[in-house]
**Student:** 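Got a structure for you, written out below as structure tokens; questions coming shortly.
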Amino acid sequence: MPRTPSFPASIDAHALYVGGTTCSPTAKPGVVDIKNLIIKTYGNRWWGIVTSCTARVTEHKEGRALDIAFDATSYTSRKNANDFLYWLLRPDRHGNGNAMARRLGVMYVIWNARMWRAYRPWLGWQPYTGTSNPHKDHIHISLSWRGARRQTSWWTMGGGALPPQPPSSS
Ligand SMILES: [Zn+2]
């Protein structure tokens, strides 16, 4: 699991849903930090943040979504993905539910045909019925604007920015 800084009890609210509708195709710093945290913890792998502004509604065209490779058909890769998502969504020592997701400003996650939404946290993981891609070869993470801009408590209370990591191998 990623190294977890010691945080105080105060914590961000769960992110609300704000879909990506504008064109701002540069990788936002909070997203880059999460990519670096995953690579530092689980090793280098392909990833992507920005897509073209001609795309449908997606946080990728605002540079506040991350796709990062984990293979649901591989035991080790699936184990690592689940390890990361357990870390992201477990309660902290203060009893704050979904603590790291809230501190990082995670808005939703899609992985292995399931979806977790910060704006409906009581539902937990739900089946993902997206049309084209069940996300069995990567995790998708969308951040709130506050998370994308490093304005949530991961950055303001202890986690901080991470050093750059090697470029994607693909
Ligand atoms: Zn994605």
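Predicted model only: the values in this text are computed from it and were never measured. First listed ligand is number 1; within each ligand, the first listed atom is number 1.
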**Student:** Checking one value in my table: which N/O/S atom of Asp67 lies closest to the Zn ion (ligand 1)?
**Tutor:**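 Per the distance ranking, Asp67 contributes OD1 as its closest N/O/S atom to the Zn ion (ligand 1).
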**Student:** Of the backbone and side-chain N, O or S atoms of His60, does one lie nearer to the Zn ion (ligand 1) than 2.8 Å?
**Tutor:**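 His60 does place an N, O or S atom closer than 2.8 Å to the Zn ion (ligand 1).
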**Student:** Sorted by first residue and then second, give each disulfide bond (SG atoms under 2.5 Å apart) pair with at least one member in residues 53-101; sequence neighbours left out.
**Tutor:**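 Residue pairs passing disulfide bond (SG atoms under 2.5 Å apart), neighbours aside: Cys23-Cys53.
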**Student:** Regarding Thr152 and Arg103, do their side chains bring together a donor and an acceptor under 3.5 Å, going by distance alone?
**Tutor:**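 Side-chain D/A pair, Thr152 to Arg103: absent.
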**Student:** If the condition is salt bridge (charged side-chain N to carboxylate O under 4.0 Å, His left out), which residues does Glu62 pass it with, not counting sequence neighbours?
**Tutor:**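 Once residues adjacent in sequence are excluded, the partners of Glu62 under the salt bridge (charged side-chain N to carboxylate O under 4.0 Å, His left out) criterion are Arg64.
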**Student:** Return the name of the atom in His140, of element N, O or S, nearest to the Zn ion (ligand 1).
**Tutor:**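 The Zn ion (ligand 1) is closest to the His140 atom ND1, counting only N, O or S.
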**Student:** Is there a side-chain contact between Asn98 and Trp116, using heavy atoms and a 4.5 Å cut-off?
**Tutor:**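 Touching, per the 4.5 Å side-chain cut-off.
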